[in-house]
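Structure first, then comments.
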Amino acid sequence: MKTAFIFKRLRRAEESSNTSITEGTIWKALLVFFFPILLGTLFQQLYNTVDAVIVGRFVGKEALAAVGGGTAVYLNLIVGFFVGLTSGASIIISQFYGADNPGETSRTVHTALLFSFLGGLVMTVAAFLASPWVLRVTHTPDDIMELSLTYLRIFFVSMVPMFVYNMGASTLRAVGDSKSPLYILIAAVITNIALDILFVVVFGWGVAGVAWATVASQAESMIVVLVILATSRSCIRLSLRQLVITPHLLAKILRMGLPTGIQSTFYCLSNIIIQAAINAFGTTTIAAWAAFSKIDAVFWTVISTMGVAVTTFSGQNYGARKYDRLKQCMWQAMLMTFGITIFCSVFFWFTGSYVYRLFTTDDDVIAGGVRILRFLAPWWVTFVSIEVLSGIIRGAGDTFIPMIITLFCVCVLRLVWLFTAAPHWNDVLAVLGCYPLTWTLTSVLFWIYWVSGRWLRKHH
């Protein structure tokens with residue numbers, strides 16, 4: 001019954017996928033596209049959040065630290081790299097679709113999906129072998145080492161379904177369908193919650209239970225998105241006979257996506273170094289940072305969703321050669337995102353201590369988490385310009401300069417801070433001070449590049 005309902009909604013979503021991205025009122029088109037992505041991304045975030053709640057409440061703070069500490073940063077590095085590559089496919093698909101080129105759109109979709117399958121296999125093997133080394137390098141405490149390794153190695157089974165699903169969902173969004181991924185994720189989260197309770201609370205499998213629940217949920221998402229693509233009535237229809245890699249399109253995907261993937265990788269590497277510094281403060285601080293990261297993820301979910309929305313909006317309008325709409329989109333997206341960010345900052349400042357109790361009853365962990373939250377939340381507003389401006393610029397086909405700006409600020413400047421300024425204070429906030437510093441400088445540099453206009457002229 002649930003399956004039939006979901007597929008009916010998915011079919012309606014595809015049929016109602018509209019072309020308002022390239023015509024009509026911009027802010028309305030942006031919001032209609034934005035909100036399904038936002039809800040879908042929030043549901044996706046529930047995967048890890050539910051895992052953290054279940055193990056934190058029913059297993060203990062060591063399990064919470066194992067699921068949400070250094071392991072989460074490591075997983076973000078791997079997944080972030082591939083998601084960066086998928087953004088290249090999404091940009092190309094949206095540009096071909098906006099230019100009304102169904103042949104190249106179809107070939108790009110098939111190339112991207114096969115690439116995601118093969119990439120998932122490679123990532124699974126490489127990440128599985130590297131896990132013990134990564135945990136040692138990040139100074140993972142001995143009391144959570146075994147738990148962390150167990151969680152990671154089971155989680156890596158989900159790499160292929162996760163990558164294929166993300167590529168399929170990106171394809172749907174690239175052609176204007178942001179509702180189908182939402183329905184798929186709602187079903188997957190329901191499955192994940194049910195299996196978390198079954199495997200951890202009933203069977204007592206601990207961190208292994210939440211990892212297997214995630215694997216099953218990701219597999220479900222992959223199967224559904226593939227069925228939707230296979231039964232599509234548009235140029236993104238999936239056919240096994242056409243599932244081949246077209247060399248020039250793969251090269252274009254890599255040229256567009258590799259800078260973003262590299263950027264995401266180095267971004268996560270800097271976070272791993274920061275995580276290693278945080279680990280030095282002990283398990284309580286690790287658990288506090290892990291719990292904060294779940295609150296923090298709500299804000300990043302919202303703001304990154306706007307980045308996805310404006311990238312697709314920019315890609316289709318760039319393909320249709322409607323360049324004025326790109327600039328109008330930027331200002332309207334900027335205003336909306338500033339409003340959302342201010343709301344999130346104020347809301348979590350006052351409610352953070354209550355939210356933390358979803359994850360733990362340990363008073364020391366809660367106190368440490370609130371201290372971190374009230375230090376970083378007021379600075380979230382400095383990141384708005386980065387996400388909106390980089391989204392527009394990438395959608396227009398310029399992914400190299402955003403990578404250079406981000407690598408310099410996020411990687412170089414953060415490392416300079418961590419190895420020069422932070423050691424002068426024996427305080428976790430001194431380590432975390434690198435975030436507001438780099439967000440602010442990155443934002444300034446993106447504004448300078450935007451005002452120069454070179455991001456558009458070089459791609460006319």
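Side chains are part of it too, since the values below use all heavy atoms of this structure and drop only hydrogens, waters and symmetry mates.
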Crowded around F375 CZ? As in, over 12 foreign heavy atoms under 6.0 Å?
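Enclosed.
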If you draw a 6.0 Å radius around CH2 in W447, do more than 12 non-hydrogen atoms from other residues or ligands fall strictly inside?
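It does: W447 CH2 has more than 12 such atoms within range.
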Check whether any side-chain heavy atom of [X] lies under 4.5 Å from a side-chain heavy atom of [Y], and answer yes or no.
X    : Y    : value
C329 : V310 : yes
L185 : Y165 : yes
W455 : L389 : no
L418 : V431 : yes
D177 : I236 : no
L258 : F81  : yes
F446 : E387 : no
F156 : S131 : yes

Whether the side chain of [X] engages the backbone of [Y] through a donor-acceptor N/O pair (distance < 3.5 Å, no angle test) should be reported.
X    : Y    : value
R414 : Y435 : no
T111 : T108 : no
T406 : M403 : no
S452 : Y449 : yes
N192 : A188 : no
Q95  : S314 : no
S94  : I91  : yes
W417 : A430 : yes
T341 : V381 : no
Q332 : W27  : yes

Residues which pass ring pair (Phe, Tyr, Trp, His ring centres under 6.0 Å) with F34, listed by chain and number, not counting sequence neighbours
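Once residues adjacent in sequence are excluded, F34 has no partner under the ring pair (Phe, Tyr, Trp, His ring centres under 6.0 Å) criterion.
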Would you compute the distance between atom [atom1] of [X] and atom [atom2] of [Y] and round it to the nearest 0.5 angstrom?
X    : Y    : atom1 : atom2 : answer
L445 : I405 : CG    : CD1   : 5.5 Å
M222 : L113 : CE    : CG    : 11.5 Å
L326 : I393 : CG    : CD1   : 10.5 Å
D296 : C344 : CG    : SG    : 10.5 Å
K327 : M330 : NZ    : CE    : 9.5 Å
L373 : W289 : CG    : CH2   : 10.5 Å

Please report whether the ring centroid of F199 lies less than 6.0 Å from that of W212.
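No, the ring of W212 stays outside the 6.0 Å limit from the ring of F199, centre to centre.
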Over 60° means perpendicular and under 30° means parallel, so tell me whether F155 and Y151 are parallel, tilted or perpendicular.
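Rings of F155 and Y151: tilted, 30 to 60°.
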Give the ring-plane orientation class for F299 versus W380, where under 30° counts as parallel, over 60° as perpendicular and anything between as tilted.
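Answer is parallel, since the angle falls under 30°.
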Tell me the closest heavy-atom pair linking [X] and [Y], and the distance in Å.
X    : Y    : answer
L432 : L376 : O-CD2, 3.9 Å
G120 : F163 : CA-CD2, 3.3 Å
L147 : V207 : O-CG2, 3.7 Å
A333 : M306 : CB-SD, 4.0 Å
L182 : P36  : CB-O, 3.7 Å
T442 : C409 : OG1-CB, 2.9 Å

Can you list the steps and then say if M167 with V225 is a side chain to side chain contact (heavy atoms under 4.5 Å, CB included)?
CA-CA 9 Å; M167 187 65 80; V225 80; over 6 Å; no
Regarding Y323 and R325, do their side chains bring together a donor and an acceptor under 3.5 Å, going by distance alone?
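Result is no, nothing qualifies.
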Under a plain distance cut-off of 3.5 Å, with no hydrogens placed, do R394 and T311 share a side-chain donor-acceptor pair?
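Result is no, nothing qualifies.
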Would L437 and L441 count as a side chain to side chain contact (heavy atoms under 4.5 Å, CB included) here? Give the steps.
CA-CA 7 Å; L437 173 65; L441 181 58; 5.9 Å; no
Pair V160-M123, side chain to side chain contact (heavy atoms under 4.5 Å, CB included): steps then yes or no
CA-CA 8 Å; V160 169; M123 287 288 191; over 6 Å; no
Of all residues at least two apart in sequence or in a different chain, which pass the side-chain hydrogen bond (donor to acceptor under 3.5 Å, both in side chains) check with T105?
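Applying side-chain hydrogen bond (donor to acceptor under 3.5 Å, both in side chains) to T105 gives none.
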Between W439 and W300, is the ring pair (Phe, Tyr, Trp, His ring centres under 6.0 Å) condition met? List the steps.
CA-CA 13 Å; W439 294 339; W300 292 111; 5.5 Å; yes
Dump the intermediate steps for side chain to side chain contact (heavy atoms under 4.5 Å, CB included) on F408 and L413, then the final yes or no.
CA-CA 7 Å; F408 171 74; L413 195 58; 5.6 Å; no
State which residues pass side-chain contact (heavy atoms from CB on, under 4.5 Å) with D362; sequence neighbours excluded, sorted by chain then number.
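Scan of D362 (side-chain contact (heavy atoms from CB on, under 4.5 Å), adjacent residues dropped) gives K61, T360, D364, V365.
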